[in-house]
Student: 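Starting off with a structure, shown below.
What you see below is based on every heavy atom in this structure, not just the backbone, and it leaves out hydrogens, waters and symmetry mates. Numbering of residues begins at 1 and proceeds along the displayed sequence.
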Amino acid sequence: MTLTAGPSTAAGPARAGRREWTALGVLMLPLLLVSMDVSVLYFAIPSIAADLRPGATQQLWILDMYGFVLAGLLVTMGSLGDRVGRRRLLLLGAALFGAASVAAAYAHSPGALIGARALLGVAGACLMPSTLALIRTLFQDPAQRAKAVTLWTTVMASGISLGPVVSGALLEHFWWGSVFLINLPAMVLLLVLAPLLLAESKGAAGRGRFDLAGAALSLAALLPVIHGIKELAKDGWAPVPALGIAVGLLLGVVFVRRQARLDHPMIDLRLVRTPAYGGSLLVNLLAMVATVGFAVFLTQYLQSVLGQSPLEAALWSLVPAGGVMVAAPVAAVLAQRVDRAHVMGGGFLVAAAGFGWLATIDRATPFWVVLVGSAVYAAGLVSAMTLANELALGAAPPERAGAAAAVLESGSELGGALGMAVLGSIGAAVYTAAMPSSAPPAARETLGGALGSAPAVVDAARSAFVEAMSGAALGAALLMLLAGVVSVVSLRGRQV
């Protein structure tokens with residue numbers, strides 16, 4: 001079966017029709033659920049702990065296994081989709097995601113749930129690069145592709161924010177397994193509609209043998225780096241995670257050298273070295289450093305400083321999405337009239353202004369001021385990220401779309417881990433310096449460690465945490481200014 005887009009004309013590439021836009025809507029279903037599963041257990045973990053009685057280490061793996069496997073396999077699955085077919089990989093991922101969701105919902109032991117979460121990560125790695133790569137083949141017209149990528153980026157960002165809200169609402173009425181079963185209707189719908197709406201697409205790379213050794217190397221390189229960064233961000237300096245990062249980086253060098261020698265590599269290093277793709281990859285990574293790194297502080301601020309319930313905090317955290325809904329389409333339209341590098345630089349400048357606004361807050365700052373500052377930085381960030389994703393995708397040849405999308409998403413995962421480490425370290429240093437030396441040791445380390453202390457210590461800890469959040473916001477603002485400079489310098493004049 002083939003898709004019918006509008007006919008090509010001398011005026012430009014074929015324009016997508018109703019079928020292509022309907023297909024895009026279908027592709028958004030797995031993307032939303034895959035991104036939601038990153039955060040959907042935030043509220044469910046107490047119920048899971050009460051039912052399955054996992055140990056402390058098992059509980060951490062229940063939370064983290066999905067994200068680690070997803071990040072580690074993105075490059076492998078993106079390259080595999082280019083060879084065997086992106087629609088085929090999408091359908092395989094949907095079937096596996098549905099089956100793993102059932103296994104997770106009815107898991108009767110911590111080990112079974114960890115295994116099911118690992119399978120969900122494998123399925124998510126099949127789905128995510130396939131959705132972005134299929135957009136590259138569905139939409140040949142740059143203006144239409146810009147709208148499609150804007151929707152893709154918005155849905156992905158929204159899914160991460162919606163995960164806690166959806167899980168909190170479900171747990172008000174159902175058992176914890178319901179947070180996994182909500183995946184089933186969407187996956188069934190995808191399995192039914194995708195064969196009708198999506199043509200199979202694969203690249204010329206399909207003629208080459210799949211690089212199994214490269215796939216193992218990419219997994220072995222990414223996992224210890226991301227895991228090590230997260231561990232250092234959470235617990236501070238320790239030799240084991242630091243060694244893991246070093247080993248991962250070394251394996252990454254081996255992986256890159258191997259790719260340079262192959263006739264049919266998983267990653268086209270020539271593409272990564274082009275300014276349009278490489279520059280977009282870098283600014284997207286910087287954007288994720290700021291996004292994920294600061295989100296940790298904002299979540300704690302809502303709950304531990306303002307005293308909101310988890311569900312209430314999750315609902316308020318959706319407010320900044322309003323700025324995104326307005327700004328992202330406006331940025332896409334502007335990029336059709338103005339050099340997109342300047343629009344991206346402007347988006348990062350807006351994000352820097354939002355973070356700068358938040359760097360000035362204190363305990364007396366009204367809540368609406370924090371919400372407005374958050375909406376401003378989110379609007380600027382997502383607008384710039386959308387244009388970066390679009391430019392990177394347009395720079396990739398259609399036959400390498402899956403691998404190009406996977407590298408872009410792997411950069412985002414790495415950026416998120418770096419954000420928690422870099423901004424988390426800044427915040428931790430400011431917090432410790434702001435706490436009185438007479439406070440108990442646990443209270444001087446984290447706000448959570450202070451909450452069971454005397455009222456005066458808790459009050460001091462909350463004030464110190466707001467200072468820490470301001471320090472992290474200042475760090476994020478500087479990163480956004482850097483991203484803006486990189487955008488204008490490296491991407492000026494680059495076309496999709």
Side-chain angles (χ1 to χ4, degrees), residues 67-86 88-89 92-93 118 121-130 132-133 136 201-230 241-282 284-285 288 392-393 395-418 490:
F68 288 151
V69 175
L70 175 68
L73 289 178
L74 279 171
V75 172
T76 296
M77 294 307 180
S79 179
L80 185 63
D82 287 339
R83 286 166 166 76
V84 306
R86 293 140 194 161
R88 181 179 299 173
L89 191 66
L92 175 64
V122 175
C126 294
L127 290 167
M128 283 193 76
S130 296
L132 193 54
R136 176 69 177 87
S201 69
K202 63 174 69 173
R207 292 194 298 266
R209 293 179 59 188
F210 184 69
D211 183 17
L212 289 175
L217 274 173
S218 69
L219 182 66
L222 277 172
L223 282 184
V225 170
I226 293 175
H227 181 263
I229 290 172
K230 287 187 174 183
L243 179 62
I245 294 172
V247 170
L249 291 175
L250 180 61
L251 291 175
V253 171
V254 175
F255 172 76
V256 170
R257 290 177 64 87
R258 178 180 176 81
Q259 297 304 294
R261 295 196 306 267
L262 295 177
D263 293 330
H264 299 282
M266 295 174 62
I267 297 176
D268 187 348
L269 298 179
R270 292 171 300 177
L271 175 63
V272 176
R273 286 193 288 264
T274 60
Y277 186 85
S280 299
L281 185 66
L282 177 58
N284 197 60
L285 184 145
M288 288 301 296
L393 200 60
E399 66 270 14
R400 306 290 297 178
V407 172
L408 197 63
E409 290 158 7
S410 296
S412 296
E413 295 290 335
L414 181 58
L418 283 171
S490 66

Student: Taking side chain as C-beta onward, heavy atoms only, is Met77 less than 4.5 Å from Leu127?
Tutor: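 In short, these two side chains do not touch, never coming nearer than 4.5 Å.
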Student: So, for Pro224 and Gly248, which heavy atoms are closest and what is the spacing to 0.1 Å?
Tutor: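 For Pro224 versus Gly248, the nearest heavy atoms are CG-CA, 3.7 Å.
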Student: In Å and rounded to the nearest 0.5 Å, what is the CZ to CG distance from Arg88 to Leu80?
Tutor: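 Going from the CZ atom of Arg88 to the CG atom of Leu80 covers 10.0 Å.
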Student: Do the side chain of Ser280 and the main chain of Ala276 share a donor and acceptor less than 3.5 angstrom apart?
Tutor: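 Flag set: sc Ser280 to bb Ala276 pair under 3.5 Å.
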Student: Kindly indicate whether the side chain of Val254, heavy atoms from C-beta on, has any atom under 4.5 Å from the side chain of Arg258.
Tutor: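 Heavy-atom side-chain distance check fails, nothing below 4.5 Å.
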Student: Say you draw a straight line from CG of Leu74 to OG of Ser79; how long is it, rounded to the nearest 0.5 Å?
Tutor: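 Between Leu74 CG and Ser79 OG, I get 12.5 Å after rounding to 0.5 Å.
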Student: About how many Å separate OG of Ser218 and CG of Leu223, when rounded to the nearest 0.5 Å?
Tutor: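 Reported to 0.5 Å precision, the distance equals 9.0 Å.
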Student: How close do Ser490 and Gly279 get, heavy atom to heavy atom, and via which atoms?
Tutor: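 Distance-wise, the nearest heavy atoms are OG-CA, 4.0 Å.
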Student: Where is the tightest heavy-atom contact between Ala123 and Gly93, given as atom of each residue plus distance?
Tutor: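 Residues Ala123 and Gly93, closest heavy atoms: CB-O, 3.5 Å.
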Student: Do Leu219 and Thr76 have side-chain heavy atoms sitting under 4.5 Å apart?
Tutor: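 Not in contact.
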Student: Is the shortest side-chain heavy-atom distance between Leu281 and Leu285 below 4.5 Å?
Tutor: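 No, side chains not in contact.
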Student: Out of curiosity, Ser130 OG to Leu89 CG, how far, rounded to the nearest 0.5 Å?
Tutor: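 Between atom OG of Ser130 and atom CG of Leu89 there are 4.0 Å.
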